[in-house]
Amino acid sequence: MATGKNTTRPPRSKKRTALYVGGLFLLILIALFVYNFATIKGQLDVGTAYGARAACSCHYVGGRDIDDCRKDFEPGMGAIGLSVDDTRKRVTASALLIESATAEFREGWGCVILTDKQLQSE
């Protein structure tokens, strides 16, 4: 009768198990982000365009400070950053280094969103 070797593995340590579980959790989060990237990018596109337009109107039409204009943002727009170019009368809103939008104040027109083509032509 053949007998196999009785090999017993030492039990995994709690630290090693925690690393495996943490790594698996991170992989799942990355997979969900990649799977939903188009939706996330679309929402960021709308959010940055809204933020740029609203902040530009608040700052240049309403005459308020740009920090005060942040109060007009909808809940959940905390990840959107604003920068002001007073020489060109522009406000740029950006989110997570993924998306950005720029609005420019034009006399008689108010604030308009600039396209990528308009921004590149300058």
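All values derive from a computational prediction rather than experimental measurement. Along the sequence shown, residues are numbered consecutively beginning with 1.
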Quick one: list whatever passes salt bridge (Lys or Arg N to Asp or Glu O under 4.0 Å) with E99, sequence neighbours left out.
K41
Out of curiosity, [X] [atom1] to [Y] [atom2], how far, rounded to the nearest 0.5 Å?
X	Y	atom1	atom2	value
D45	I98	CG	CD1	11.5 Å
L29	L24	CG	CG	10.0 Å
T39	L44	OG1	CG	11.0 Å

Within residues 8-43 or reaching into it, pairs that qualify as ring-ring contact (aromatic ring centres under 6.0 Å, His included) - sequence neighbours excluded:
F33-F37
Just jot down the side-chain contact (heavy atoms from CB on, under 4.5 Å) partners of Q118, sequence neighbours excluded, or say none.
R106, L114, T115
Other cluster members, [X] - Ile/Leu/Val/Met/Phe/Trp/Tyr, side-chain contacts below 4.5 Å:
X	result
L19	none
I80	Y50, Y60, V61, I66, F73, M77, L82, V84, V91, F105
V34	L26, I30

Could you note down all residue pairs passing side-chain hydrogen bond (donor to acceptor under 3.5 Å, both in side chains) where residues 70-80 supplies at least one of them, sequence neighbours left out?
R64-D72, D68-K71
Note: A93 and A52 closest approach over all heavy atoms is CB-N, 3.6 Å
Should S83 and T92 count as side-chain neighbours, where that means a heavy-atom distance under 4.5 Å?
yes
Give me each pair satisfying disulfide bond (SG atoms under 2.5 Å apart) with a member in residues 72-106, each pair once, sequence neighbours excluded.
none
Give every residue pair that meets the disulfide bond (SG atoms under 2.5 Å apart) criterion with at least one member in residues 59-122, sequence neighbours excluded.
C56-C111, C58-C69
Selection [range] - residue pairs positive for salt bridge (charged side-chain N to carboxylate O under 4.0 Å, His left out), sequence neighbours left out:
range	result
residues 25-34	none
residues 89-98	R90-E104, R90-E122
residues 21-39	none

